[in-house]
4 protein chains.
Amino acid sequence: MSTSADRDPARATGDRRPQRADARTNRERILTVAEEVFGAGGRSASTDEVARLAGVGIATVFRHFPTKAALLEAVLVRRFDRLRKQAEALADATDPGAAFFGFFGHLVTDAAGKIAIGEALMDAGGDHSPATTEASTELRQAVGVLLRNAQRAGEVREDTELPEVYALLVATSRTSTHARLDENVRDRMLTIIFDGLAPRQRNASS
Amino acid sequence: MSTSADRDPARATGDRRPQRADARTNRERILTVAEEVFGAGGRSASTDEVARLAGVGIATVFRHFPTKAALLEAVLVRRFDRLRKQAEALADATDPGAAFFGFFGHLVTDAAGKIAIGEALMDAGGDHSPATTEASTELRQAVGVLLRNAQRAGEVREDTELPEVYALLVATSRTSTHARLDENVRDRMLTIIFDGLAPRQRNASS
Amino acid sequence: MSTSADRDPARATGDRRPQRADARTNRERILTVAEEVFGAGGRSASTDEVARLAGVGIATVFRHFPTKAALLEAVLVRRFDRLRKQAEALADATDPGAAFFGFFGHLVTDAAGKIAIGEALMDAGGDHSPATTEASTELRQAVGVLLRNAQRAGEVREDTELPEVYALLVATSRTSTHARLDENVRDRMLTIIFDGLAPRQRNASS
Amino acid sequence: MSTSADRDPARATGDRRPQRADARTNRERILTVAEEVFGAGGRSASTDEVARLAGVGIATVFRHFPTKAALLEAVLVRRFDRLRKQAEALADATDPGAAFFGFFGHLVTDAAGKIAIGEALMDAGGDHSPATTEASTELRQAVGVLLRNAQRAGEVREDTELPEVYALLVATSRTSTHARLDENVRDRMLTIIFDGLAPRQRNASS
DNA sequence: AATGAATGAGAATTCATTCAT
DNA sequence: AATGAATGAATTCTCATTCAT
């Protein structure tokens with residue numbers, strides 16, 4: 001399972017030796033702050049802002065992440081990995097339907113709340129690095145597992161596949177973030193999708 | 001009804017007198033190019049790019065739209081107005097269900113193809129001008145009419161309202177644009193949503 | 001002395017034929033407006049502003065004055081000529097002292113009120129055209145006449161000459177304009193200068 | 001050892017700009033250059049010019065002074081403070097008359113030589129920051145002290161007050177700067193003013 | 001002759017990135 | 001390793017001036 005062992009953040013810089021404790025701390029702090037900053041302001045937020053909020057010098061940010069793109073990438077990878085882990089943790093759930101719909105709702109409700117960076121979540125023609133692409137793919141696969149489990153349990157219609165489900169996931173979470181939907185509206189939006197994902201009635205309209 | 005008659009693009013500058021033919025042409029060209037440029041690169045695309053692709057000097061762009069924000073706004077308003085007109089044209093359709101679902105699909109399939117600017121479609125905390133807000137609101141209302149018509153015709157479930165439907169519309173069209181979804185995937189995504197919007201079975205199991 | 005006959009405004013463009021009446025009117029209006037605009041905003045005020053306030057198109061301004069510098073120059077020349085005429089009109093006054101001090105005070109009080117352009121009044125290293133220099137020189141000479149008359153009448157000390165008097169005139173009128181001096185302050189400032197210009201005690205009578 | 005001599009900031013030609021250790025030096029150099037540049041060209045001189053003459057990049061200027069207005073302000077404050085200190089140093093002079101007239105003459109002769117920025121020296125309707133206003137006020141007060149001292153010593157007429165004296169000071173120093181007055185002319189101009197400021201004779205005319 | 005449109009050359013300001021301590 | 005300073009390349013916007021009607 002540990003498909004991501006080689007993406008250990010502490011090694012992203014390519015450093016073979018263990019990093020100094022303070023460096024590691026700084027790296028984490030920068031990533032955390034960057035997630036907030038870019039989440040709020042999009043990729044056009046400034047690196048200076050990140051440095052300032054992280055309480056480090058601008059040069060320190062660039063020491064850890066050689067370019068702004070690398071920083072953005074690291075943020076994305078971190079986020080994807082986190083979500084993937086959550087999805088993987090649900091892979092063996094006793095109630096696959098609850099697991100799938102729960103994860104879907106969680107992504108839209110909570111998690112998405114932070115990340116306007118999701119701009120990149122699917123981006124086909126994107127300029128993403130292998131690392132980002134890999135993390136993204138792994139997340140997608142983890143969601144695929146949940147989907148298939150739910151389908152096997154008869155909780156999700158059989159005639160649907162991962163691409164469209166993933167697209168819906170991305171679409172709703174991004175919009176939820178961006179448009180700051182009212183809680184009730186968001187729930188009703190999910191209801192529609194979840195109903196649409198439910199197994200078809202015998203007399204369903206084609 | 002046509003509350004937007006006074007937003008005729010040709011008059012957006014507030015000029016009473018008819019513009020010179022060449023000026024009008026330029027204005028249109030700039031708007032068209034801007035829709036593409038900002039559609040592709042988001043609001044962070046440069047005004048220079050717009051000028052260059054439109055084949056005019058940078059100052060000409062600023063003559064027509066005094067700030068970059070004004071240009072973006074004009075693009076948005078134009079787009080909203082166009083979509084609204086299409087929606088309004090369907091308000092009296094003989095088949096309200098086809099009208100509603102057709103418009104939904106159209107937006108996601110065609111129209112959205114150009115506009116990543118949809119960033120602003122719902123933006124609650126946005127910094128939008130009254131004109132933009134108005135155009136946006138009118139589009140929303142036009143969609144609302146289609147929705148109610150379809151509900152009255154029994155083609156859309158009764159327990160759903162405009163906000164969530166509109167959110168879905170925005171979500172899917174933006175993602176469709178951004179992620180360059182495969183045609184089939186997009187259709188299956190729409191199928192899920194449309195099924196979710198279908199009237200609930202009277203005897204829904206469990 | 002009609003030394004300025006060849007600076008007839010109507011001919012400044014070099015046009016041999018009589019101008020159309022409306023052209024002449026426009027020219028005057030532009031000059032008048034320009035005097036205000038540049039008086040208020042300095043030479044950095046925009047030509048567009050002048051055109052707008054004059055109610056003509058920008059191209060019309062440039063038709064009359066080929067460059068902004070030419071417009072500024074024309075304003076200056078016009079102003080200098082006007083002041084010179086006023087000075088010349090006082091050359092034969094029955095009370096040379098009153099004439100001199102009156103003109104001095106008038107320049108500082110009224111006239112200066114409009115012209116921040118006076119930046120150029122003396123400018124030695126200035127980039128002024130022959131026409132401007134000529135007009136400036138003539139004004140200076142006219143003031144020189146008033147000064148000498150007043151000296152001959154025993155109203156102004158003999159050991160002073162035009163350069164310093166003119167410098168004081170310029171200094172006070174510019175400052176009066178720029179600093180928007182209180183009326184009383186301005187008067188007391190003039191009192192100091194006028195007292196300083198008064199004939200020295202020993203040879204007071206003579 | 002003596003390698004630091006090569007990094008002497010005074011060597012602008014070699015472009016051997018020291019970097020870290022002399023941020024302060026850079027700041028000073030920028031201010032000094034700005035005083036000259038704005039002194040010569042007024043506030044409309046470009047920041048690029050300042051950067052170029054200071055031998056630094058344009059961004060460095062903006063790092064030290066976030067806006068052009070801030071730079072102008074810093075220049076003004078610095079200048080005001082310097083003059084104020086000079087005035088204050090004369091507050092306890094044994095010869096108050098010499099102190100006052102000396103300072104007046106000094107301002108007009110030397111110091112003013114650089115600063116057309118004095119545009120702002122009195123500016124009532126100016127858009128000056130509190131810092132500038134404060135520095136200006138303090139300078140004015142310091143001059144006020146010199147004036148009162150001289151009046152108490154019987155060297156300056158009693159019926160005059162700071163506002164008009166200050167106005168004269170500003171007027172003459174600005175004109176002296178701007179018009180590049182000949183030395184003799186400037187001295188005779190001062191003579192007139194100083195005579196006007198002298199205590200009135202018992203049998204004064206008026 | 002008059003006009004509005006068009007334009008390129010700046011000008012101020014920002015930002016990712018590099019340098020020197 | 002960390003930092004603040006420095007920097008040039010954009011980017012938005014302005015303005016004097018020319019063009020076409």
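Labels below follow one simple rule: chain letters A, B, ... track the order of the sequence lines, proteins then strands, and each chain is numbered from 1. Owing to the predicted nature of the structure, the values given are computational and were not obtained by experimental measurement.
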Just N and O in the side chain of C/His64: are any of them under 4.0 Å from OP1 or OP2 of E/dA1? no

With sequence neighbours left out, which residue pairs that include part of residues 47-58 of chain D fulfil the side-chain hydrogen bond (donor to acceptor under 3.5 Å, both in side chains) condition? D/Glu49-D/Arg52

Taking only N and O in the side chain of A/Asn26, is any of them less than 4.0 Å away from OP1 or OP2 of F/dA1? no

Round to a whole Å and report the spacing from CZ of B/Arg24 to P of F/dT21. 17 Å

Under a 4.0 Å heavy-atom criterion, the protein footprint on nucleotides 12-17 of chain F, written with B, S and -, is BBBBSB

Can you name the closest pair of heavy atoms from B/Ala23 and B/His64 and give their distance? O-CE1, 3.4 Å

Test side-chain hydrogen bond (donor to acceptor under 3.5 Å, both in side chains) applied to A/Thr32 - qualifying residues, sequence neighbours left out: A/Arg78

Sequence-distant partners of A/Ala70, side chain to side chain contact (heavy atoms under 4.5 Å, CB included), two or more places apart: A/Phe65, A/Pro66, A/Thr67

Contact between C/Leu71 and C/Phe62 at the side-chain level, heavy atoms closer than 4.5 Å - yes or no? no

Is any side-chain nitrogen or oxygen of A/Arg63 closer than 4.0 Å to OP1 or OP2 of F/dA1? yes

In chain order, what residues pass the side chain to side chain contact (heavy atoms under 4.5 Å, CB included) check against D/Thr133, with sequence neighbours excluded? D/His128, D/Thr137

If you find the nucleotide of DNA chain F closest to A/Val61 and the one closest to D/Val61, which residue's nucleotide is nearer the 5' end? A/Val61

Please report the interatomic distance CZ(D/Arg43) to OG(C/Ser44), rounded to the nearest 0.5 Å. 9.0 Å

Tell me, please, which residues at least two apart from C/Ala54 pass side chain to side chain contact (heavy atoms under 4.5 Å, CB included). C/Arg29, C/Ile30, C/Val33, C/Val56

How close do C/Ile58 and C/Ala51 get, counting heavy atoms only, and between which atoms? CA-CB, 3.8 Å

Value in whole Å for how far the C1' atom of E/dA2 lies from CD1 of C/Ile30: 10 Å

Runs of at least three consecutive pairs that involve DNA chain E, where pairs are Watson-Crick or G-U with distances under 3.5 Å: E:2-21 with F:2-21

Rounding to 0.5 Å, atoms CD (C/Glu134) and OG1 (C/Thr132) come to a distance of 9.5 Å

Gap separating the CG atom of C/Leu76 from the CD atom of C/Glu35, nearest 0.5 angstrom: 9.0 Å

For DNA chain F, which residues in residues 49-57 of chain A have a heavy atom at a distance below 4.0 Å? A/Val56, A/Gly57

